[in-house]
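Below is one structure, written out as structure tokens; comments come after it.
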Amino acid sequence: DTGVSQDPRHKITKRGQNVTFRCDPISEHNRLYWYRQTLGQGPEFLTYFQNEAQLEKSRLLSDRFSAERPKGSFSTLEIQRTEQGDSAMYLCASTRSGIKQDTQYFGPGTRLTVL
Amino acid sequence: AQSVTQPDIHITVSEGASLELRCNYSYGATPYLFWYVQSPGQGLQLLLKYFSGDTLVQGIKGFEAEFKRSQSSFNLRKPPVHWSDAAEYFCAVGAMDSSYKLIFGSGTRLLVRP
């Protein structure tokens, strides 16, 4: 069990550029979540996957955001045409079960700065 | 809608003193409750959770929390506090729909005086 990993840990980009983040969940974890955390706030839910299916997207996830989880393993979160308001920590979490509440294990996060 | 309130933005305690961080949730049924800790620039580490059963829950690093249904609270405690406990602490409730997503409070930053 190597834990949840995220790449990159830090990303600085200019407004209008596209960025992509990757999350590798704990092996054999069925469910994967993305959260966003802005300075001084708690994480807020963005979206989640059950295996490869994306089952819910928050209203926070504008059309510029897209997430995938091909083959039900790693996941990517892409932000197109970044805006300064996208600057935040993007956290990924995974959990073993998809049929009941279970502990979510978090990765170290990707900190995005949009200049 | 479910929500979590952490009324204290900052708390400062002296090393060796006792600590209590407050958390209130809003939901009628028995909630799934969590406390996570976050060190600067890091992800979240689970301290403890409550799903059912004994309302006093023991966690890692000497932390404990007590679920009080009558007060809709799940306060975190630790006696005594060590300088290494300085961090940000988040209380969360698990959504009661099939997403099981976590709904977090805004956090409490703990500072420890030597």
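Note on naming: letters A, B, ... go to the chains in the order of the sequence lines (proteins, then strands), and numbering restarts at 1 for each one.
- Heavy atoms closer than 4.5 Å to chain B are found in the side chain of Glu56(A), but not in its backbone.
- Met89(A) and Val19(A) sit in two unconnected hydrophobic clusters of ILVMFWY residues. Membership requires side-chain heavy atoms under 4.5 Å apart, directly or through other members.
- Using a 4.5 Å cut-off between heavy atoms, Gln50(A) does not touch chain B at all.
- Both Leu48(B) and Val81(B) are members of a single hydrophobic cluster when ILVMFWY side chains are connected at heavy-atom separations under 4.5 Å.
- Under the 4.5 Å side-chain heavy-atom criterion for ILVMFWY residues, a single connected hydrophobic cluster contains both Phe49(A) and Ile79(A).
- Residues of residues 100-115 of chain A lying under 4.5 angstrom from chain B, judged on non-hydrogen atoms, are Lys100(A), Gln101(A), Asp102(A), Thr103(A), Gln104(A), Phe106(A), Gly107(A), Pro108(A) in numerical order.
- For chain B, the nearby part of Leu91(A) is the side chain; its heavy atoms alone come within less than 4.5 Å.
- The stretch residues 41-65 of chain B participates, sequence neighbours left out, in these ring-ring contact (aromatic ring centres under 6.0 Å, His included) pairs: Tyr32(B)-Phe51(B), Phe34(B)-Phe51(B), Tyr50(B)-Phe67(B), Phe63(B)-Tyr89(B).
- Using non-hydrogen atoms only and a strict 4.5 Å limit, the part of residues 99-114 of chain B facing chain A consists of Ser99(B), Tyr100(B), Lys101(B), Leu102(B), Phe104(B), Gly105(B), Ser106(B).
- Counting heavy-atom neighbours within 6.0 Å of Glu28(A) CD, excluding the residue itself, gives a total of 12 or less.
- Heavy-atom minimum distance, Gly42(A) versus Phe90(B): CA-CE2, 3.4 Å.
- Other residues, nucleotides and ligands contribute over 12 non-hydrogen atoms within 6.0 Å of the CD1 atom of Ile60(B).
- Residue Leu56(B) qualifies as enclosed at atom CG: its count of foreign heavy atoms under 6.0 Å is above 12.
- Crowding of Glu52(A) atom CD: a count of heavy atoms from other residues, nucleotides or ligands under 6.0 Å exceeding 12.
- Side-chain heavy atoms closer than 4.5 Å link hydrophobic residues (I, L, V, M, F, W, Y) into clusters, and following such links, possibly through other members, connects Tyr48(A) to Tyr36(B).
- Both Leu77(A) and Leu32(A) belong to a single network of hydrophobic side chains, linked directly or stepwise wherever heavy atoms of I, L, V, M, F, W or Y lie under 4.5 Å apart.
- Crowding of Arg64(A) atom CZ: a count of heavy atoms from other residues, nucleotides or ligands under 6.0 Å exceeding 12.
- The number of heavy atoms from other shown groups lying within 6.0 Å of CG (Asp97(B)) is above 12.
- Screening residues 74-95 of chain A for ring-ring contact (aromatic ring centres under 6.0 Å, His included), with sequence neighbours left out, gives Phe21(A)-Tyr90(A).
- Among Val4(B), Leu44(B), Leu46(B), the residue making the largest number of heavy-atom pairs under 4.5 Å with chain A is Leu44(B).
- Neither the backbone nor the side chain of Ala92(B) comes within contact range of chain A, judged by heavy atoms closer than 4.5 Å.
- Contact of Gln45(B) with chain A is not made at all, since no heavy-atom distance falls under 4.5 Å.
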